[in-house]
2 protein chains.
Amino acid sequence: MTERALTGLATDVVVFTITDHRLRVLLVQRSGEPFSGYWSLPGGMVPINEALDDCASRMLREKTGVHGVYLEQLYSFGRPERDPRGRVVSVSYYALVPPARLPSLPAESQRLAWKPVDALPELAFDHGDIIAMAHRRLAAKLEYSTIALQFMGERFTLSELQSVYETILGEQLDKRNFRKRVRNLPCIEDTGERFRAGKHRPARLFRVTRPDRVDIIK
Amino acid sequence: MTERALTGLATDVVVFTITDHRLRVLLVQRSGEPFSGYWSLPGGMVPINEALDDCASRMLREKTGVHGVYLEQLYSFGRPERDPRGRVVSVSYYALVPPARLPSLPAESQRLAWKPVDALPELAFDHGDIIAMAHRRLAAKLEYSTIALQFMGERFTLSELQSVYETILGEQLDKRNFRKRVRNLPCIEDTGERFRAGKHRPARLFRVTRPDRVDIIK
DNA sequence: AAAGTTAGTGTCGTTCGTACACTATGTCAA
DNA sequence: TTGACATAGTGTACGAACGACACTAACTTT
């Protein structure tokens, strides 16, 4: 049994993005003990004068350079044994980064990578539980909020949006029913424009009217 | 500006009950500074070796003697200025105590009281925010889970259950629609018994089949 | 001009939510 | 014993939302 002297408060952030039709999480490979070689969520200790939200936001910015994206507190994990070095309670958050705003990860650091949620490497601490809970929360929010729009860029097609839903839920959706649901959301608006890609009919481009807002539906 | 040296982790518990057709919260009147005379949630520092859930559960038991009731983590509040004495992050919980299990509060301590949520006294720290969030969460869960059953005793009438909904939501519900919804929940079962009270027709008594479980509906 | 590829659309049946008012069964008092 | 009182208990009809389901439209390439 390790000495239990240290005590601390950390934030960990589950940073989601979608690329290549897979939901991915930003992970850092640990170099020191404990869990050397294992992967962990970006996070760190909360400075004495920093709000929890600010700390999570800063963690995200320091690792990715991304700011101003959707960020929400998830849960606090506090099993005494979760960190073998001592008592560390983690206030966890999750963030959504649209693929269009993906930073190019610094090439030197192979220790930072976007790993698919359905094929995670070995994770340190209880970070597997944290990611699982974040994924559940995200999937649940798809059903009753407009949170999925946080993954979209400036303009997008309905097929792209549908693909986001399918990727997060892990199941196919009916195209006509999906469009029925989504077309009369007040926060989505048809720009008259079209988007051509490949040898087929071009798609209408849509825009989010209030990109910063996540509305609760119903 | 006060010295910001102290740092700590606390849990605070919003303990709900319903009596007299009002949703009530257990509050403690503070005697020392800061916020002397103000009311606050039962809570306290988390010991280094205690899990967060266990700590919240213990807080509840120490103040009320109640144990084994519904208890769920709510949110972590961590604005640096929330406690003027120093940095204290609060991992907040909420608990539901059925009126039937209400403890008789120790008569000596007038400092412990069940205050109606719609007429709260002056609250210390950010405890008003915590209670508001707990109330919102509870009301939201009424819609898509069987959480309201946590307020019921061993046997109960549908009118009593409806009253719980109405008290938490702060609005009247239609009796026939309510009964339609609730009658075919698999977790509610008609005991053949009747309950007579007053000079009117006696009501059927129901029972929860799995009192410990809260199911998600739909 | 034909083949390939994705975009885009409508109907029907079912279920769910909601609005709405009267009868049933007990107690109590005159 | 009977009538007044108080709460328990019940059904229907309408509109909205949801889910299953298959074909046509528009563009590119060869």
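Per chain, numbering begins at 1; letters A, B, ... match sequence-line order. As a basis for the values below, the full set of heavy atoms in this structure was taken, side chains included, without hydrogen atoms, waters or symmetry mates.
Separating the CZ atom of A/R181 from the P atom of C/dT9 is a distance of 17 Å, rounded to the nearest angstrom. To the nearest angstrom, C1' of C/dA7 lies 16 Å from NZ of A/K199. In this structure, the CZ atom of B/R201 is 9 Å from the P atom of C/dA24, given to the nearest Å. Per the geometry, CD belonging to B/E160 stands 12 Å off C1' belonging to D/dA8, to the nearest Å. As rounded to whole Å, 10 Å separates atom P of C/dT18 from atom CG of B/L173. In this structure, CZ of B/R194 is placed 8 Å from P of C/dG26, rounded to the nearest angstrom. When rounded to the nearest whole Å, the span between CZ of A/R183 and C1' of C/dA7 equals 12 Å. One can place CZ of A/F206 at 10 Å from C1' of C/dG8, the figure rounded to the nearest angstrom.
In this structure, CZ on A/F151 lies 13.0 Å from CZ on A/R101, to the nearest 0.5 angstrom.
Using a 4.0 Å cut-off, some side-chain N or O of B/R179 falls inside it from OP1 or OP2 of D/dG9. Taking side-chain N and O atoms only, B/S159 has no distance below 4.0 Å to OP1 or OP2 of D/dT7.
The heavy-atom pair separating B/S90 from B/T11 by the smallest distance is OG-C, 4.5 Å.
For the side chain to side chain donor-acceptor pair (under 3.5 Å) with A/R24, the lone residue among A/T167, A/D118, A/T17, A/T19 that qualifies is A/T19.
Each of B/T157 and B/N177 was assigned the nucleotide of DNA chain D with the nearest heavy atom; the assignment lying further toward the 5' end belongs to B/T157. Place A/R176 and B/P202 on DNA chain D by their nearest nucleotides, and B/P202 ends up nearer the 5' end.
Donor-acceptor pairing under 3.5 Å, judged by distance alone, is absent between the side chain of A/K218 and the base of C/dG17. Donor-acceptor pairing under 3.5 Å, judged by distance alone, is present between the side chain of B/K180 and the base of C/dT18. Checked by distance alone, B/K175 brings no side-chain donor or acceptor within 3.5 Å of a matching partner on the base of D/dT7.
One N or O on the side chain of A/H135 and one on the backbone of A/I168 form a donor-acceptor pair closer than 3.5 Å.
At a threshold of 4.5 Å between non-hydrogen side-chain atoms, the residues B/V164 and B/L142 do not count as touching.
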